[in-house]
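Single-structure report; data block below.
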Amino acid sequence: MKSVEIAKGIYDVGVNDWNIMDFHGHSTHRGSSYNAFLIVDEKIALIDAVKKEFADELIENISRIIDPSKIDMVISNHTEMDHSGGLARVMHRIGENKPLYCSKMGQKNLSLHYPQNWNYHPVENGETLSLGKHTLSFMETRMLHWPDSMFTYLKEEKILFSSDAFGQHYAGFEKFDDMMTDDIMPHAKKYFANILLPYAPLILKLLDQVAAMGLDIRMICPDHGIIWRKDPGKIIDAYARWGRQDTLRKAVVVYDTMWHSTERMADAIAAGLNAEGVAVAPMSLKKHDRSDIMMEVLDARAVVVGSPTMNNGLFPTLGDFLTYMKGLKPKNKIGAAFGSYGWSGESVKLISQELEAMKFELVDSGVRVQYVPDQAALDACFALGQKIGRAI
Amino acid sequence: MDKYVCTVCGYVYDPALGDPDSGIKPGTKFEDIPDDWQCPVCGASKSDFEKE
């Protein structure tokens with residue numbers, strides 16, 4: 001991808017990863033991008049360094065603007081390898097002794113990834129750095145979403161380089177929000193639901209802090225996807241909403257099935273929810289990826305979980321999903337369990353225990369059906385759906 | 001009572017507030033928290049905390 005001048009003398013020199021469809025277990029149906037930014041001033045700074053496989057492309061992008069050896073310093077906002085994997089190549093090309101600015105935790109974490117003894121300059125929260133006409137200031141954003149995460153703010157242009165925050169896994173030639181419709185929002189929402197949700201309370205704190213600082217933000221440059229320049233407030237407002245975990249009159253029915261019995265139960269529960277005016281879709285774990293389901297869970301008030309009993313336990317995909325959801329710490333949820341079984345039927349109890357451990361409010365003790373649901377069983381499922389619907 | 005800070009994520013344990021979500025009542029001294037307690041923000045161990 002050719003670099004894009006995002007403001008005078010400031011370029012996105014990042015790359016598109018068109019074909020990545022699975023980002024460490026998170027489905028990325030539209031690929032992703034690893035953005036990196038070059039600021040050409042009296043001193044030249046590079047912010048972040050893409051994934052290792054794309055390091056040559058990054059260097060090529062920089063070479064079209066300046067000789068890479070002229071770069072005076074690198075700023076690493078985040079240690080994760082999709083933003084630091086190219087560092088070894090970059091430092092080698094520009095000079096191993098050039099200063100590398102990062103947070104204190106960034107220095108610690110980078111040195112746990114890379115053996116090179118780089119010229120680290122750990123920065124304090126609020127520290128500033130002049131490039132000549134431009135001044136950078138650094139803001140520690142620990143656990144958004146790694147201990148090393150930080151933001152870099154360019155005062156004169158009012159640009160926030162926000163690392164992974166406000167990002168979206170989206171590869172495209174469109175580089176700005178004004179080149180796209182609202183179609184970009186589900187990508188941003190999915191990113192939040194799968195990466196930032198466990199740290200939602202910290203997001204709210206950060207947004208308050210940014211508001212209190214009176215930080216004027218004209219453009220937000222995340223490390224993935226498009227840049228927010230038409231209306232940065234839109235993504236900030238969305239982060240406030242998602243951070244508060246506001247819910248809609250909405251439910252997710254997530255399940256797997258062996259012989260379609262739990263599936264028929266899921267459909268009946270969804271119909272019952274719908275009868276109460278709740279937006280709902282049953283989602284089979286055979287067809288839907290865990291990260292797509294989490295995007296729907298983010299603003300759903302109810303999560304209804306179904307599993308057949310297999311060998312006295314949960315169906316394995318449910319173990320996967322429940323483990324994943326638990327780690328993401330969703331709040332403000334109600335729920336219930338359901339499932340078919342042959343002879344023992346532990347699944348409903350096991351799911352209920354898991355949901356309680358996640359601090360879900362259980363609306364009902366759940367519905368269990370032996371072998372195949374008859375009409376009475378399906379009616380009980382429909383009634384469960386209605387009961388949950390009324391509790392929303 | 002002293003406050004303790006998580007060296008990984010910066011979370012501050014305030015004994016006055018405790019950590020009720022993990023069953024640590026307000027008024028619990030850091031020293032009296034069980035050793036298997038974890039940082040409520042990042043999950044780091046109790047041994048990763050330092051006096052503020």
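We name chains A, B, ... by the order of the sequence lines, and we start the count at 1 in each one.
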Other residues, nucleotides and ligands only: do more than 12 of their heavy atoms fall within 6.0 Å of CE on M358(A)?
yes
Separation between SG of C42(B) and NE2 of H145(A), rounded to the nearest 0.5 Å
14.0 Å
Those residues of residues 190-204 of chain A that come under 4.5 Å of chain B on a heavy-atom basis, listed by number, are Y199(A), L202(A)
Bottom line for K104(A): the part with an atom under 4.5 Å from chain B's heavy atoms is neither
Atom pair CZ (R142(A)) and SG (C6(B)), whose distance is rounded to the nearest 0.5 Å
8.0 Å
Report which part of K108(A) has an atom under 4.5 Å of a heavy atom belonging to chain B: side chain, backbone, both, or neither.
neither
Work out which heavy atom in M143(A) is nearest to a heavy atom in C9(B); give both atom names and the distance.
CG-CB, 3.1 Å
Under a 4.5 Å heavy-atom criterion, the part of residues 13-35 of chain B in contact with chain A comprises D21(B)
Neighbour count above 12 (heavy atom, 6.0 Å) for K349(A) NZ:
no
